[in-house]
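Just below is one structure, and these are the notes that go with it.
Below, read A as the first sequence line, B as the second, and so on, with proteins coming before strands; counting in each chain starts at 1.
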Amino acid sequence: MDTIKLAAALIPDGDLLPPEEYERIYPERERAPKAEVTRLAPSPTGFIHLGNLYSALADERSAHTTGGVFYLRIEDTDEKRKVDGAVESVIRSLKYFGIDFDEGAEIASPLNVYGPYYQRQRAKIYRAFVKRLIEQGRAYPCFCTEEQLNAVREEQTAGKKTTGYYGAYAKCRNLSETEIYDNLKAGKPYVIRLKSEGSIENKIAFRDAIKGEVTVTENDQDVVILKSDGIPTYHFAHAVDDHFMRTTLVIRGEEWLSSLPVHLELHKVLGFKPPRYAHTSSLMKMDGETKRKLSKRKDPELSLDYYRKAGYFPLAVVKYLMTLLNSDFEEWSLKNPDADWRSFKFRIEKMSRSGALFDLDKLNDVSKTEISKLSARECYEFLNGWVTEFGTPQDKAHFSDAEYIIKVLELIMGVGGKKRRKDIERAEQGVALIDYFFDDTFRPEYNYRYGKEIVNAVLDGFIAAYDPEDDNSVWFSKVKALAPAVGFASEMSEYKSAPEKFGGNVSDIAEILRIAVTGMPNSPDLCTIMRILGEERSLARLKAGKR
RNA sequence: GGCCUUGUGGUCAAGCGGUUAAGACGGAGCCCUCUCAAGGCUCAAUCCCGGGUUCGAUUCCCGGCAGGGUCACCA
């Protein structure tokens, strides 16, 4: 068989460079020995989910803690997956969570010498290598139709054989020269397959950066490397691109582990040294009794938009993910509460081998802790950002008065102060939390635990004594003074020593006032709340609270 | 089903042959306190099972069992 002639017939492109040329065009990067070159390589659907962010974080940290490079490559070999504006959307989504690329598609950078970063634009490179493989007799055309392939698979399944295109099932592998040219002349569509030399009898010991020693079975499948549209498959593009973009560490989901043998063989046949691989376990969730991988279709919490809409603090999502990535991150954070999270020493090797269940409780805790560290103005900015995008018209109106909101945050939530409350987990809930500071969203339910007489007596008594100038202690002494008239204890100690003698105590008096003023039995410091509301509104609410 | 992979409290997990088996979230309780939140303190709760190897296994080996992944001209 004249493979040179065959290659020219199959890949007739007249403008291909000799493959060796690419070694010169894309030379080894100049980098420190330990510096890692990593990449995020999404398909251009534009849908970036939590799993992508998790993985991107591992990539970004691996590169940037070692002084390396993190770049963006777009795997657009499947036309069907393309969505307009997707690349910008990927970059924007990651930027929202503080992740920036050094190089790559749509990234303005002097480093962009390893591009193009869209696989479709790299067709010539792939085709040059496919052509060389055909010349070397390591790849061949396959004219099998989808129907034929399906029939073979069914036969294999029925006979309990391994499915796929290999060994005796690789029909087109042994096509004669005349058969090939006849098919070509007939205009039959074809793909190019790798002529695998592997055997499933052979095991390969492989070192994964996360999983450690892994044994995989050698590939014996004649996988498709060039699709009938002349575009390579993922497997082939990965080998070529990660080699010529000089990637040192490929971090990807563990669903790729099973195709590792293919990638290893491809590197070998192309004469490339494979990069280091790190296969991450996927994020799981509970589904009834069992765990399962988070799914795009079923789980809204996989979508990054979910966190934006709910108003999670982006840094909190990142920090939570960091704790899943390197579990000692949490301990480090506790010891260094004010340190920039980026100064933590992330290492890919510390990643867990098993898949973590995504824990919203934990995320909520991280989020409220992060938000509590904000200054009142920063907190306002954050909440306002959410309100602008997702808030109701009322929220927007409230937030137009920045000074009032900041005052509320400072005094009530203790934001930015020494006594930090941790009331706000998410912007959505934080915004709702201050609804009672505005008359149009103040919707009291008046669920008093005492009867009309007591409630009215307390309220009237306080109205008579109320002075907006009172400081905290005077205010409280007035609350205490209300107790005896309704048969309540004004001192807690008094009450505790003989609860049966009283109808209630000071805290119950305060509760009645609190329900009238805030509409809720629980709230931050009531005296401060009344001061913020002002005399007029406070009095109006006290009066309206009467039964 | 074949192949690969994982298995420490409810969850995330430290642990690398000898430990009272860390820590965090969540839960329970106490303290503080005008309630709530926060904070402080305390408690409950874990090595999947069975065989080996060993003076000694959560740690090493084998076998089960259970979970996960994958078997495309998708990535």
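With a cut-off of 3.5 Å on both pairing distances, the Watson-Crick or G-U wobble partner of B:C71 is B:G1. Partner assigned to B:A38 is none, using Watson-Crick or G-U wobble distances below 3.5 angstrom. Nucleotide B:U46 forms a pair with no other nucleotide shown, judged by Watson-Crick or G-U wobble geometry with both contacts under 3.5 Å. Across all strands shown, B:C65 forms a Watson-Crick or G-U wobble pair, both distances under 3.5 Å, with B:G7.
A:D78 and A:Y234 form no side-chain donor-acceptor contact under 3.5 Å, judged by distance and modelled atom types alone. No hydrogens or angles considered: a donor-acceptor pair under 3.5 Å links the side chains of A:Q148 and A:T145.
Sorted by residue number, the members of residues 316-335 of chain A with any non-hydrogen atom under 4.0 Å from RNA chain B read A:L324, A:S327, A:E330, A:E331, A:L334.
No salt bridge links A:E213 with A:K203; every basic N to acidic carboxylate O contact stays at or beyond 4.0 Å.
Contact of A:K368 with B:A37 (side chain to base): no donor-acceptor pair of N or O atoms is detected under 3.5 Å. A donor and an acceptor atom never sit less than 3.5 Å apart when one is taken from the side chain of A:R514 and the other from the base of B:C36.
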Provide a list of protein-nucleic acid N or O atom pairs under 3.5 angstrom, restricted to nucleotides 73-75 of chain B.
from  : atom 1 : to     : atom 2 : distance (Å)
B:C73 : O2     : A:S228 : N      : 2.9
B:C73 : O2     : A:S228 : OG     : 2.9
B:C73 : N3     : A:S228 : OG     : 3.2
B:C74 : OP2    : A:K227 : NZ     : 3.1
B:C74 : O2'    : A:D78  : OD2    : 3.0
B:C74 : O2'    : A:R81  : NE     : 3.3
B:C74 : O2     : A:R81  : NH2    : 2.4
B:A75 : OP1    : A:T77  : OG1    : 2.7
B:A75 : OP1    : A:K227 : NZ     : 2.6
B:A75 : OP2    : A:Y234 : N      : 3.3
B:A75 : O3'    : A:E75  : OE1    : 2.7

Grab the N/O contacts between the protein and nucleotides 40-44 of chain B below 3.5 Å, and write none if there aren't any.
none

Walk along nucleotides 3-10 of chain B from 5' to 3' and tag each nucleotide B, S or - by protein heavy-atom contact under 4.0 Å, base first, then sugar-phosphate.
SSSS----

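Of the candidate nucleotides B:G68, B:C12, B:A72, B:A72 has the atom nearest to the side chain of A:T163.
When heavy atoms are screened at a 4.0 angstrom cut-off, A:K480 is found touching no nucleic acid atom at all. Within the 4.0 angstrom heavy-atom criterion, only backbone atoms of the sugar-phosphate kind lie near A:S352; the bases stay farther away.
Taking the six-membered ring for Trp and the full ring otherwise, A:F358 and A:Y320 have centroids separated by under 6.0 Å. Taking the six-membered ring for Trp and the full ring otherwise, A:F344 and A:W341 have centroids separated by 6.0 Å or more.
In this structure, A:K422 reaches the B:G39 phosphate: one of its side-chain N or O atoms is under 4.0 Å from OP1 or OP2.
Between A:M492 and A:D365, the one whose closest nucleotide on RNA chain B sits nearer the 5' end is A:D365.
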Tabulate below the donor-acceptor pairs under 3.5 Å that side-chain atoms of residues 429-436 of chain A make, not counting sequence neighbours, or state none.
from   : atom 1 : to     : atom 2 : distance (Å)
A:Q429 : OE1    : A:E425 : N      : 2.8
A:Q429 : OE1    : A:R426 : N      : 3.2
A:Q429 : NE2    : A:D423 : O      : 2.7

Under 3.5 Å, sequence neighbours excluded: what are the donor-acceptor pairs made by side chains of residues 159-170 of chain A?
from   : atom 1 : to     : atom 2 : distance (Å)
A:Y165 : OH     : A:K171 : N      : 3.4
A:Y165 : OH     : A:C172 : N      : 3.0
A:Y166 : OH     : A:T162 : O      : 2.6

